[in-house]
Amino acid sequence: MDNGKSPAPVHSSTNSPIYSFVASSRSVKRPRPVKSCLECRKRKLKCDRISPCSQCQKAQRACRYAAEGDVVSLSDGSDVETPERTVKRNRAATSQESGPSTINYAAVLEDHATRLERLERQMLARKSSIAESSSTPAQRPAASSLTIRGLTVKGGLRTRFFGQSSTRVLVNLFDEARDFMFSRNKSSDIRDMFLNIQKIHKALQDEHRKVAAPISVFVDSMTPIQKRMADVLPNKAVCDTLLNVYIGASETIYRVLHIPSFMRQYNRYWEGNTQSYAFLPQLLSILCVGYRYLGAGKGQYHDREGIHIPTASSLVRTWLDGLRGKQLVEFGTLQAEILQLMAQRMINPQNQESWTHLGLIVRMAMTMGLHRDPSEFAQKIPPFWAEQRRKLWYTILELDVHMSMQCNLPCCIREGDFTCLPPRNLNDDDIHPNIEQLPPSKPIDQHTDSRIQVFAASTLAMRFKVVDLINRTDSLQDYQQVLELGNELERVFEDARYIVPPSHPKDMKEVRRQYLTRVVLDMHCRRPLLALYRPFALSSQDAPQQIVTGYLRSSMILLSYLDELDPSSPEYHHIWHMHQLVLKQEILQAAFSVCYYLKQATSGSESLGSSNLNSNVKSESIEEPCTIASESSILLSLPRLKSAVQKVLDTLLKRIREIGTDLRDVVSLTVVFNTSQGGTPEQKRDAIKSGMQAILDAGLQAIHANKENIASMPIMPSPASVPMNTMQTNSGFMNHMQPYATPDTPNTVPDDFSTMWDMEFWNTTPQSSLP
């Protein structure tokens, strides 16, 4: 195509003087300037000539450029046309022109030997540089393994792992208190108290085992399972109450049901209409959760005003185990599995068992494709069911993150394992099974049935990072990742305060709803922040002040959730019970953490006097950051810290008979608290004795006994001697303990009381429940 310009004339004459000059100059090619990096030249890759180049960044290589004037060897892939290369090309050209000739194998071998020698020199140089870099120790957060994890070994074959929130591990932070508890040199009055408390603990364990057992007439019956489940249902009025409690308390961050659809099935059931096969199992589990939330002691005993949780949960488990084939991939079956897990945790709060069971639920959901967004499938899923699948999948994610942090074990799901999008911020009434298109999501500051789950879904990525990080603290080189992740979580609290600002409504139901919303929104990121800071704030001597202060502040905020409520209000007792039930483990960890700060803040003035109570108190060097943290605000002042821990102890004594309250936790916290406040050895002993007496009085009242009765109770023999990796003492007395043999006289205190205390009292799992 003619563009109006004639092409430049082509000079074809080779006799032109200009051509003669160019031809003569090309007879010896001038070397081009070397611009590519050495690695790209060596590998014959295209280099973008920046430092570092994109190719080296991608392969994570060291990007280096040759200095000006340096000679670059052929092995570096030089851009220069050297005489050696010209000779080789001329040699090849000559051989082609002259036809076939004999190959010089000796020259080829010599060339290969030269290249191999050059490669060996490069490899040796690289190995030496790696050795030099590894010889310099990298600075990493120093956290003793005894203070962040533990393992019990029984018989050499039966082991159990304990994470950083376990009482077994937390006690290792307090050398003085731990050695006092396990010391064989206690005075006779304190020895008698410990012995009687152990008897109370055994009596409470026996009672808990009895109330956690299902009623055999329902479980062992040959009646069809659906009939047996219907037989344990309470009357409709009771079911209405428990269902409303469940919806208001649990269907917030854990969205399992579409409430309008379930309520239609519920009403039709009481009208006598047959419902889906999964309806009764779901209803039983819902009633179990609601009844446990209703008040202390609910669901532990068979009564007409509620439901017996062990029996109902066992019947649901029997029904689930009897499903086969296509029933295992039904959406209603997955809902029943999740609800049964929640119900089981109400009566058997074993975190590791729940974590194991959740792994099966995760894989069940993945086999149903819930981890992929419904929009990815060619066979279109109706909009209503697509949204329900998203809600249920993010409920599973929330449970996975929560239980993994409680057990200090990895998540079953990783961040890149799913593509399912978060649910929309909609009310359940906004969608129905026949809807053709989902309405747009509402603003996050507008209250809906799904707002809490939607907001929590936006923080899942950083919470997954927390779980991953706390399971690989040994590989951290510095605090940078911890600080960055902590800053991200701190910003979430500001967003939560914006979404649900503090207000003072007159309606008590609205007060309760707003309080629960604020606590759930705050706690879903407060829990991972505590787990993130915990290994360093309570273990590392060089932890940054941000971690030390941030951990103490979060612990005190968690212990102060109930301060904004009026204790005289009619809803207070119900909220108080739910608070203690749901956050029991977090409250206990926060109380131990506050004691750690108390110990450090008061240890400076008592470094001399405390050695009499415990001859092997370890010297600490983190008193200054802990003191700065406790002086940073009124909330963190020493009187407030002591008051917060005392409230926790008072609450534990009030709930001493509740399933989930472990007397070992109460004893440990009592001793730790009274040895962390300072004072002379005599003052500490008196404080411990007073605390033990309070536990003894509460325990006797719980088992309906008196001092005469407790004295006549036999001492139960402890299991065989087992190594304990989770309880270590500096005195070394645990290293040579002998098995305790039952004495002839049942009330004789054994000589090695610490052995019995450790082997029996600290055995967290009943023998009958172990495989």
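Computed over heavy atoms, backbone and side chain alike; hydrogens, waters and symmetry mates excluded.
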**Student:** Any side-chain heavy-atom pair from Y254 and H402 closer than 4.5 angstrom?
**Tutor:** yes
**Student:** For the aromatic rings, using the six-membered ring if either is Trp, is the centroid distance between Y291 and Y246 under 6.0 Å?
**Tutor:**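 They do not qualify: ring centres at least 6.0 Å apart.
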**Student:** Can you list everything that forms a side-chain hydrogen bond (donor to acceptor under 3.5 Å, both in side chains) with Y515? Sequence neighbours excluded, please.
**Tutor:** none
**Student:** With a 4.5 Å limit on heavy-atom distance, are the side chains of L283 and F262 in contact?
**Tutor:** yes
**Student:** Looking at side-chain heavy atoms only, is the closest gap between I557 and F493 below 4.5 Å?
**Tutor:** no
**Student:** For D468, give me all partners under side-chain hydrogen bond (donor to acceptor under 3.5 Å, both in side chains), at least two apart in sequence or on another chain.
**Tutor:**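 Scan of D468 (side-chain hydrogen bond (donor to acceptor under 3.5 Å, both in side chains), adjacent residues dropped) gives R472.
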**Student:** What pairs with S554 under side-chain hydrogen bond (donor to acceptor under 3.5 Å, both in side chains), at least two apart in sequence or on another chain?
**Tutor:**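 R526.
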**Student:** Roughly how far, to the nearest 0.5 Å, is the SG atom of C525 from the CG atom of L532?
**Tutor:** 11.5 Å
**Student:** Any side-chain heavy atom of N425 sitting closer than 4.5 Å to one from P443?
**Tutor:**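 Of all side-chain heavy-atom pairs linking P443 with N425, none is under 4.5 Å.
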**Student:** I need the full list of ring pair (Phe, Tyr, Trp, His ring centres under 6.0 Å) pairs touching residues 326-375, with sequence neighbours left out, sorted by first then second residue.
**Tutor:** F331-W385
**Student:** May I ask you to say whether R228 pairs ionically with D231, meaning some side-chain N is under 4.0 Å from a carboxylate O?
**Tutor:** no
**Student:** Given 3.5 Å as the limit, does a donor-acceptor pair link the side chain of R255 with the main chain of L257, or not?
**Tutor:**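 Judged by distance alone, yes, a pair lies under 3.5 Å.
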**Student:** For atom CD of E436, decide whether the heavy atoms of other residues, nucleotides or ligands shown that lie under 6.0 angstrom number more than 12.
**Tutor:** no
**Student:** Is the distance between the ring centroids of H258 and F384 under 6.0 Å?
**Tutor:** yes
**Student:** Side-chain contact test, heavy atoms from C-beta onward, threshold under 4.5 Å: evaluate it for E337 versus R317 and give yes or no.
**Tutor:** yes
**Student:** Side chains of E330 and L323, heavy atoms from C-beta outward: is any pair under 4.5 Å?
**Tutor:**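 Result no, sub-4.5 Å side-chain heavy-atom pair not found.
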**Student:** Taking the six-membered ring for Trp, are the ring centroids of H573 and W576 within less than 6.0 Å of each other?
**Tutor:**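 Yes, they do, as the ring centres are separated by less than 6.0 Å.
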**Student:** Name the one of E586, Q589, R534, R527 that satisfies side chain to side chain contact (heavy atoms under 4.5 Å, CB included) with S165?
**Tutor:** Q589
**Student:** Assess the residue pair L652 and L588 against the criterion (side-chain contact (heavy atoms from CB on, under 4.5 Å)); give the C-alpha distance rounded to whole Å, side-chain angles, the decisive distance to 0.1 Å, and a yes or no.
**Tutor:** CA-CA 9 Å; L652 290 173; L588 195 63; 4.0 Å; yes
**Student:** Would you compute the distance between atom CD1 of I247 and atom OG1 of T252 and round it to the nearest 0.5 angstrom?
**Tutor:** 12.0 Å
**Student:** Filter on salt bridge (Lys or Arg N to Asp or Glu O under 4.0 Å), then keep only pairs touching residues 452-464, sequence neighbours left out; what's left?
**Tutor:** E398-R463
**Student:** Taking atom NZ as the centre, does K647 end up with more than 12 heavy-atom neighbours from other residues, nucleotides or ligands that are less than 6.0 angstrom away?
**Tutor:** no
**Student:** Taking only residues two or more places apart in sequence or in another chain, which ones pass side chain to side chain contact (heavy atoms under 4.5 Å, CB included) with V520?
**Tutor:** I253, I452
